[in-house]
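Proteins come first, then strands; the chains are lettered A, B, ... in the order of their sequence lines, and each starts at number 1. Here the structure is a predicted model, which means the values were calculated and not measured.
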There are 2 protein chains.
Amino acid sequence: MAGPGRPRAFDTESALDAAVEVFWRRGFVGASLSELAAAMGVNKPSVYAAFGDKAELFQAALRRYVERNMGYVADALAQPTARECAEAFLVGNARAVTMPGRPAGCLSVQAVVTPGDSNEFAALAENRSVIQGLFADRFRRAITEGDLPAGENADELAGFLITLTSGFAIRAADGTPQESLLAMAHRAMAAFPAVPAADS
Amino acid sequence: MAGPGRPRAFDTESALDAAVEVFWRRGFVGASLSELAAAMGVNKPSVYAAFGDKAELFQAALRRYVERNMGYVADALAQPTARECAEAFLVGNARAVTMPGRPAGCLSVQAVVTPGDSNEFAALAENRSVIQGLFADRFRRAITEGDLPAGENADELAGFLITLTSGFAIRAADGTPQESLLAMAHRAMAAFPAVPAADS
DNA sequence: ATGGTTATGTACCGGGCGTTAAAAAATTGC
DNA sequence: GCAATTTTTTAACGCCCGGTACATAACCAT
């Protein structure tokens, strides 16, 4: 299976996990290649050989972050009702942005917030946009299923949730404790439409 | 009034306004002194002479931003009822973070989001914390005045608003239009406690 | 005019950044 | 053992960063 040549002396996946942690804590600009390579336990040229330049490494780190740290999104989407879906998303996010021993906040928010580094900014903005689209689709389905009032705007509802979770990420980085975020998550559900009365 | 020596050839206030714009658009790390000085229409040594180093310039820019672009906070606090206060804050923020011709978002959120540059991060976090404290005080007063239910938690309520406006700043930078933010502001008011029935 | 004082423009500093060239080391196939 | 191939290591590159020395220009007081 292994081709010719000297075998790689480190595990790319755990190295990528280390890169995720650094980008998460420092942001894209704030993370230097020296710090990244050191955290990955590797010399800089090995980083370039395995992942490409800093921008490519960041894209790989973002993909890995999404699949390893944003599982609560898929969990929420799988909930049977729109209300449970929304609440699971908010609660799951509140927990994810305040995991003990991990950086506070969300890589997808903290890493880049200004359009200065345009490629990375675009990638993160699109990531958030995709997630918003998933919830919008879920809520559209809920409307046809009678699970949400017919007059509801699924896109606006999804945008409302993304706005809240973006805010959670900022507040978590400010040191807001998990229980405060959870209280806000439950309070926000008061702004979520009630299930329409069954007409059968 | 003017002391001895060569008079300053530029207006420090409008130069500071230009610095605000650059920090706002690029963030603290992303804004270079060359770009700052160019936007201010001045050479780098003049920046240092007038404002000190980059960190001091940023503090001055933040102060100026607060007094010139966050007037909606004071306006909101002056509203007669807690509900109007909260709604004015959300609406004012939604408008402020989507002003045409100005950078999207809020300097106090966009400039620094990671604790990497610790001094600036602390300054912004404290700025947000002070504002939260102002609203918490306002809501405490509202509780004693019977304007909010006695069981309400003024701090949590204020935190909820700050979380929303932090989210607004992120979403605005993502390109979310003003009317979407305004819709969310009004939706969020459904999560704000209703005025208790008068007991007189 | 002259001296004192402050701002301006130019040119530069050390340092850290992202990135890479080049040689040594470790593997596979023959 | 010997090429071929790939990774590792060391060292360096050019660049731009924040910050500054220095000579000059423009003002006030006398």
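Each of Pro7(B) and Arg8(A) was matched to the nucleotide of DNA chain D holding its nearest heavy atom; the match closer to the 5' end belongs to Arg8(A).
For DNA chain D, the contact window with chain B, defined by any atom under 4.0 Å from a protein heavy atom, covers dC17(D) to dC28(D) in 5' to 3' order.
Screening residues 125-148 of chain A for ring pair (Phe, Tyr, Trp, His ring centres under 6.0 Å), with sequence neighbours left out, gives Phe89(A)-Phe135(A), Phe139(A)-Phe192(A). The side-chain hydrogen bond (donor to acceptor under 3.5 Å, both in side chains) pairs that include a residue from residues 51-64 of chain B are Asp17(B)-Arg64(B), where partners are two or more places apart or lie in different chains. Pairs engaging residues 31-46 of chain B under the side-chain hydrogen bond (donor to acceptor under 3.5 Å, both in side chains) rule: Arg26(B)-Glu35(B) [sequence neighbours left out].
Shortest non-hydrogen contact noted between Ala172(A) and Thr98(A) is CB-CG2, 3.9 Å. Across all non-hydrogen atoms, the minimal contact from Ala50(B) to Phe10(B) is CB-CZ, 4.0 Å. Residues Phe168(B) and Leu90(B) approach most closely at CE1-O, 3.8 Å, considering heavy atoms.
The environment of CD in Glu126(B) is sparse: at most 12 heavy-atom neighbours from other residues, nucleotides or ligands sit within 6.0 Å.
For Asp147(B) and Arg83(B), the salt-bridge test fails: no basic side-chain N is under 4.0 Å from an acidic carboxylate O.
Without hydrogens or angle criteria, Trp24(A) side chain to Gly105(A) main chain gives a donor-acceptor distance under 3.5 Å.
Of the residues in residues 17-26 of chain A, not one comes within less than 4.0 Å of DNA chain C through any heavy atom. The stretch residues 27-65 of chain B touches DNA chain C through Asn43(B), Pro45(B), Ser46(B), each having a heavy atom under 4.0 angstrom from the strand.
Side-chain nitrogen and oxygen atoms of Arg6(B) include none within less than 4.0 Å of the OP1 or OP2 phosphate oxygen of dT8(C).
The side-chain heavy atoms of Arg171(A) and Met184(A), taken from C-beta on, include a pair separated by under 4.5 Å.
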